[in-house]
Number of protein chains: 2
Amino acid sequence: MPAPASSSPVPADFPATTASALIAAHGGRVTRTRVAVIEALQGAAHPLSHDEVGVALTDAGIAHDRVTLYRALEWLVDKDIAQRIAASERAWRFEIRRGGEHRHAHFHCDRCGQVLCLEDVPSDSKPALPAGFELDRSELVLHGACADCGRRGLKMEAR
Amino acid sequence: MPAPASSSPVPADFPATTASALIAAHGGRVTRTRVAVIEALQGAAHPLSHDEVGVALTDAGIAHDRVTLYRALEWLVDKDIAQRIAASERAWRFEIRRGGEHRHAHFHCDRCGQVLCLEDVPSDSKPALPAGFELDRSELVLHGACADCGRRGLKMEAR
DNA sequence: AGTTTTGATGCAACATTGTAGCATTTGAAA
DNA sequence: TTTCAAATGCTACAATGTTGCATCAAAACT
Ligand SMILES: [Mn+2]
Ligand SMILES: [Mn+2]
Ligand SMILES: [Zn+2]
Ligand SMILES: [Zn+2]
């Protein structure tokens, strides 16, 4: 089912939801890679690592290069379409930033390394900072053991 | 002023403060490297990267190997003498864990990469987690621009 | 003080994660 | 269709950690 071909300039401030609309709205070129990356992030139930996105692209039959993928993700973050999460593993994780949604905390299982979105735990503390400091955003990451891993049991299946 | 030489078994549960006492209290061997690392962390005004600790050791005239340093830091974290902070730079940072102190948040300047301890911003939220999850600790990192960098001005002197 | 034990170190090699430079391709505007 | 900057795909490279293993030395034991 081919969508109405071409035209229809996207209203730039309307919360676009399709990948191509999002890209175009930010003045970027709509490429297969970018579209696929966005769709991978949109379809994910939790923040994806660079590598996981890569797998998703492969699964979708989209050839891709490691570097291109890094650059695509970087661009998305830059445009605020996606955000990076440093959950204390070595690798960053990425998730789509749905318009209007407020920031939420994440849970990092120190056992299996999984990262979970805690949609209803806000991450927006705005404490008083030393003079001259300007706050951009706050990132709250909880650490512990996920249900699958259970607190008791072995130690350290992953950092 | 040489401390009373030798002897005096350290009361293992008293909050030891000297490096050697800390190490011994955790059943580790008191080595020059470990002592120097702890003292570097204790003397630091902010969390140090592996590399910064290395410089401190060099300054203190302590020869050291990259790997040994990593392992020393790992051991300290393992024993809960120090803690790791993932402030979203590539490299971890380490800080001493002073007994009884509650966890505090950190500020990461997205401009210059500096990390600052926000001693009076607690980082101890204990929100409700999905069933089966167990919380160990929570890490709160604020992002923005430090006073030196100022919000306005150039972009991206460091990630 | 000498011996022994085993934790800690040093070195080399490797792994992971991300960047930079540059020639080539391609999206999309003209 | 043509044009041309933006994206891509290499290839190198940088930064940060890790593994294996032979050697050293802290501290316990005699
Ligand atoms: Mn999330
Ligand atoms: Mn701190
Ligand atoms: Zn887990
Ligand atoms: Zn700064």
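Letters A, B, ... are given to chains in the order of the sequence lines, protein chains preceding strands, and every chain is numbered from 1.
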* Structure fact -> B/S/- along nucleotides 23-30 of chain D (protein heavy atoms under 4.0 Å) is --BBS---

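Remark: C1' of C:dT26 and CZ of A:Arg34 are 12 Å apart, rounded to the nearest angstrom. In this entry the distance linking OH of B:Tyr70 with P of C:dC14 reads 18 Å, nearest Å. Atom CH2 in B:Trp75 sits about 11 Å away from atom C1' in C:dG7, given to the nearest Å. One can place CZ of A:Arg93 at 11 Å from P of C:dG18, the figure rounded to the nearest angstrom. Atom P of nucleotide C:dT16 and atom CZ of B:Arg90 are separated by 14 Å, given to the nearest angstrom. The separation between B:Asp78 atom CG and C:dG7 atom C1' is 14 Å, rounded to whole Å. Between B:Leu69 atom CG and D:dT18 atom P there is a gap of 12 Å when expressed in whole angstrom units. When the P atom of D:dA7 is taken as reference, atom NE2 of A:His26 falls 13 Å away, rounded to whole Å.
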* To do: For A:Ser138 and B:Val141, run side chain to side chain contact (heavy atoms under 4.5 Å, CB included): C-alpha distance rounded to whole Å, both residues' side-chain angles, the deciding distance at 0.1 Å, then the answer.
  => CA-CA 6 Å; A:Ser138 47; B:Val141 179; over 6 Å; no

* Asked: Would A:Asp80 and A:Arg97 satisfy side chain to side chain contact (heavy atoms under 4.5 Å, CB included), going step by step from the backbone distance to the final call?
  -> CA-CA 7 Å; A:Asp80 231 66; A:Arg97 233 162 102 51; 2.9 Å; yes

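Hydrophobic cluster membership differs between B:Tyr70 and B:Val35, with clusters built from Ile, Leu, Val, Met, Phe, Trp and Tyr side chains linked at under 4.5 angstrom. Taking hydrophobic clusters as Ile, Leu, Val, Met, Phe, Trp and Tyr residues chained together by side-chain heavy-atom distances below 4.5 Å, B:Leu140 does not share a cluster with A:Val115.
Look at A:Thr33 and you won't find any side-chain N or O under 4.0 angstrom from OP1 or OP2 of D:dA7.
Among residues at least two apart or in separate chains, there is no salt bridge (charged side-chain N to carboxylate O under 4.0 Å, His left out) pair with a member in residues 22-49 of chain B. Among pairs with a residue in residues 41-67 of chain B, those fulfilling salt bridge (charged side-chain N to carboxylate O under 4.0 Å, His left out) read B:Glu52-B:Arg93, at least two apart in sequence or across chains.
Side-chain rings of A:His102 and A:His104 stay apart, their centers remaining 6.0 Å or farther from each other. Not less than 6.0 angstrom separates the ring centroid of A:His50 from the ring centroid of A:Phe94.
Taking all atoms of both residues into account, the shortest heavy-atom contact from B:Cys109 to B:Ala145 is SG-CA, 3.9 Å. Of all the heavy atoms in A:Leu48 and A:Ala40, the pair that sits closest is CD1-O, 3.8 Å.
B:His108 and B:Glu89 share a side-chain donor-acceptor pair at under 3.5 Å. A donor atom on one side chain and an acceptor atom on the other are not found under 3.5 Å apart for A:Gln83 and A:Arg137. In the model, A:Asp110 has a side-chain atom that pairs as donor or acceptor with a side-chain atom of A:His143 under 3.5 Å. Side-chain contact, B:His106 with B:Glu95: a donor N or O sits under 3.5 Å from an acceptor N or O.
Taking a 4.0 Å limit (strictly below) on heavy-atom distances, residues 47-64 of chain B does not reach DNA chain C anywhere.
Between the axis at the start and the axis at the end of the helix from C:dA1-D:dT30 to C:dA30-D:dT1 there is an angle of 30°, using five pairs per end and rounding to 10 degrees.
Side-chain atoms of A:Arg66 stay outside donor-acceptor range of the base of D:dG9, with no qualifying N/O pair under 3.5 Å.
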Could you list, one pair per line, each protein nitrogen or oxygen that sits under 3.5 Å from a nitrogen or oxygen of nucleotides 19-21 of chain D, together with the distance?
residue, atom, partner, partner atom, Å
D:dG20, O6, B:Arg71, NH1, 3.4
D:dG20, O6, B:Arg71, NH2, 3.1

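The B:Asp65 side chain lies nearest to C:dG10 when the options are C:dG10, C:dG18, C:dA8. Taking only side-chain atoms of A:Trp92, from C-beta outward, the nucleotide of D:dC10, C:dG18, D:dT8 with the closest atom is C:dG18.
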